[in-house]
Amino acid sequence: ISPDELRHICLIKALHPIHIQVNTAFTRTFFTQVEEREDNFVALFPGVEDTLEVLSRQYKLAIISNGNRKRLQRNLEKMKLTSWFDQERLFTTENDGPRKPHPAIFEQALKSMNTAAGQSVMVGNSWRNDVVGAASTGMDAVWIHPANIKKISERRIGKQKVIIVRSFKQLIY
């Protein structure tokens, strides 16, 4: 089922005990309002601008997101990050197919950017969606995991290397 249908079913189940009738219009309005309020709390990891500036000198940067494209663009503008991410380097599930960790969205990004998996690295904060998804396409990955015991460590998923860091700014070390 689609993500919207799943949200609708979950909301029906969540509000059933308090006898609130839920139809698709209610669900759409409810989640739109939740997302609008969430956007008020969007914040950058420390050192993001400096890190992106350094990385952009050597690499083509892109975003692969399971989120809504318009919301992603709005948040990039709000956080003043648009100078590092061209519109054609924003890949979202609503426009580019299945959700992460499905390999298709990673493959679409690689194809659009005219690069090979072996020349690309996925940086993300979700082990399942970002790291496992990237590894399934042959990409190495960096997992931003603030609770990691070591400052920087390494694992493997099959042949793919996964570097684990605690902070975004460690990407330039």
What do the steps show when you test V162 against V142 for side-chain contact (heavy atoms from CB on, under 4.5 Å), and what is the final call?
CA-CA 6 Å; V162 179; V142 176; over 6 Å; no
List the atom pairs, donor and acceptor, that lie under 3.5 Å between side-chain atoms in residues 109-117 and the rest of the protein, sequence neighbours left out.
unit_1 : atom_1 : unit_2 : atom_2 : d
S112   : OG     : Q108   : O      : 3.1
S112   : OG     : Q108   : NE2    : 2.9
T115   : OG1    : Q119   : OE1    : 3.4

Above 12 or not: heavy atoms from other molecules or residues under 6.0 Å from CD of Q21?
no
Could you check if a side-chain atom of E107 sits within less than 4.5 angstrom of a side-chain atom of H102, using non-hydrogen atoms only?
no
Enter the distance from T137:OG1 to I105:CD1 here, rounded to the nearest 0.5 Å.
11.5 Å
Should the heavy atoms of other residues, nucleotides or ligands under 6.0 Å from NZ of K161 be counted, would the total exceed 12?
no
Hey, does F168 have a side-chain heavy atom less than 4.5 Å from the side chain of N125?
no
Other residues, nucleotides and ligands only: do more than 12 of their heavy atoms fall within 6.0 Å of NZ on K60?
yes
Same cluster or not: are M79 and I144 linked, directly or through other Ile, Leu, Val, Met, Phe, Trp or Tyr residues, by side-chain heavy atoms under 4.5 angstrom apart?
yes
Test your reading of the model: is there a side-chain donor-acceptor pair from D86 to the backbone of E88, 3.5 Å cut-off?
no
Cation over ring face, R155 and W143, 6.0 Å, 45°:
no
Please check if the side chain of E154 supplies one atom and the backbone of I163 the other of a donor-acceptor pair under 3.5 Å.
no
Walk me through it: do L15 and L11 pass the test side-chain contact (heavy atoms from CB on, under 4.5 Å)?
CA-CA 6 Å; L15 298 179; L11 191 59; 3.7 Å; yes
I need the Q58 CD to I172 CD1 distance, nearest 0.5 Å.
10.5 Å
Quick check: is V121 connected to F85 through a chain of hydrophobic side chains (ILVMFWY, heavy atoms under 4.5 Å apart)?
yes
Straight-line distance of D50 CG to L171 CG, nearest 0.5 Å
12.5 Å
For S65 against L72, the heavy-atom pair lying closest together
CB-CD2, 4.3 Å
Tell me, with the steps shown, if E35 and R7 meet salt bridge (Lys or Arg N to Asp or Glu O under 4.0 Å).
CA-CA 13 Å; E35 289 173 359; R7 285 175 135 188; 3.0 Å; yes
Would R71 and E38 satisfy salt bridge (Lys or Arg N to Asp or Glu O under 4.0 Å), going step by step from the backbone distance to the final call?
CA-CA 11 Å; R71 185 176 183 202; E38 282 178 340; 2.6 Å; yes
Would you kindly confirm whether I18 and I12 end up in one hydrophobic cluster when ILVMFWY residues are joined by side chain heavy atoms under 4.5 Å apart?
yes
Could you tell me the separation between the CG atom of L61 and the CZ atom of R89, rounded to the nearest 0.5 Å?
7.5 Å
Going hydrophobic residue to hydrophobic residue with side-chain gaps under 4.5 angstrom, can you get from L81 over to Y59?
yes
Would I63 and L52 show up in the same hydrophobic cluster when neighbours are defined by side-chain heavy atoms closer than 4.5 Å?
yes
side-chain contact (heavy atoms from CB on, under 4.5 Å) between Q73 and L90, worked out
CA-CA 9 Å; Q73 289 172 318; L90 302 180; 3.8 Å; yes
Any chance you could lay out the salt bridge (Lys or Arg N to Asp or Glu O under 4.0 Å) test for D130 and K100, step after step, and finish with the verdict?
CA-CA 7 Å; D130 300 323; K100 294 184 295 183; 2.6 Å; yes
Could you go step by step and tell me if V131 and M122 meet the side-chain contact (heavy atoms from CB on, under 4.5 Å) rule?
CA-CA 7 Å; V131 175; M122 174 68 183; over 6 Å; no
Verify the neighbour count for atom CZ of F31: are there more than 12 heavy atoms of other residues, nucleotides or ligands below 6.0 Å?
yes
Scanning both residues in full, the closest heavy-atom pair of T92 with G67 reads CB-O, 3.5 Å
Heavy-atom closest contact (N66 atom, R99 atom, distance)
O-NH1, 3.2 Å
Results of salt bridge (Lys or Arg N to Asp or Glu O under 4.0 Å) for R166 - residues two or more places apart only:
none
Could you check whether any side-chain N or O of Q170 sits under 3.5 Å from a backbone N or O of K151, counting only pairs where one atom can act as donor and the other as acceptor?
yes
By side-chain hydrogen bond (donor to acceptor under 3.5 Å, both in side chains) - contacts of S2 (at least two apart)
E5
From F106 atom CZ to S136 atom OG, the distance as rounded to the nearest 0.5 Å
6.5 Å
More than 12 heavy atoms of other groups within 6.0 Å of R156 CZ:
yes
Are any non-hydrogen side-chain atoms of N148 and V165 less than 4.5 angstrom apart?
no
Could you tell me the separation between the CG atom of D4 and the CD1 atom of I9, rounded to the nearest 0.5 Å?
11.0 Å
Contact summary for Q160 and G138, nearest pair of heavy atoms:
NE2-O, 2.9 Å
So, W84 and E53: side-chain donor and acceptor under 3.5 Å apart, yes or no?
yes
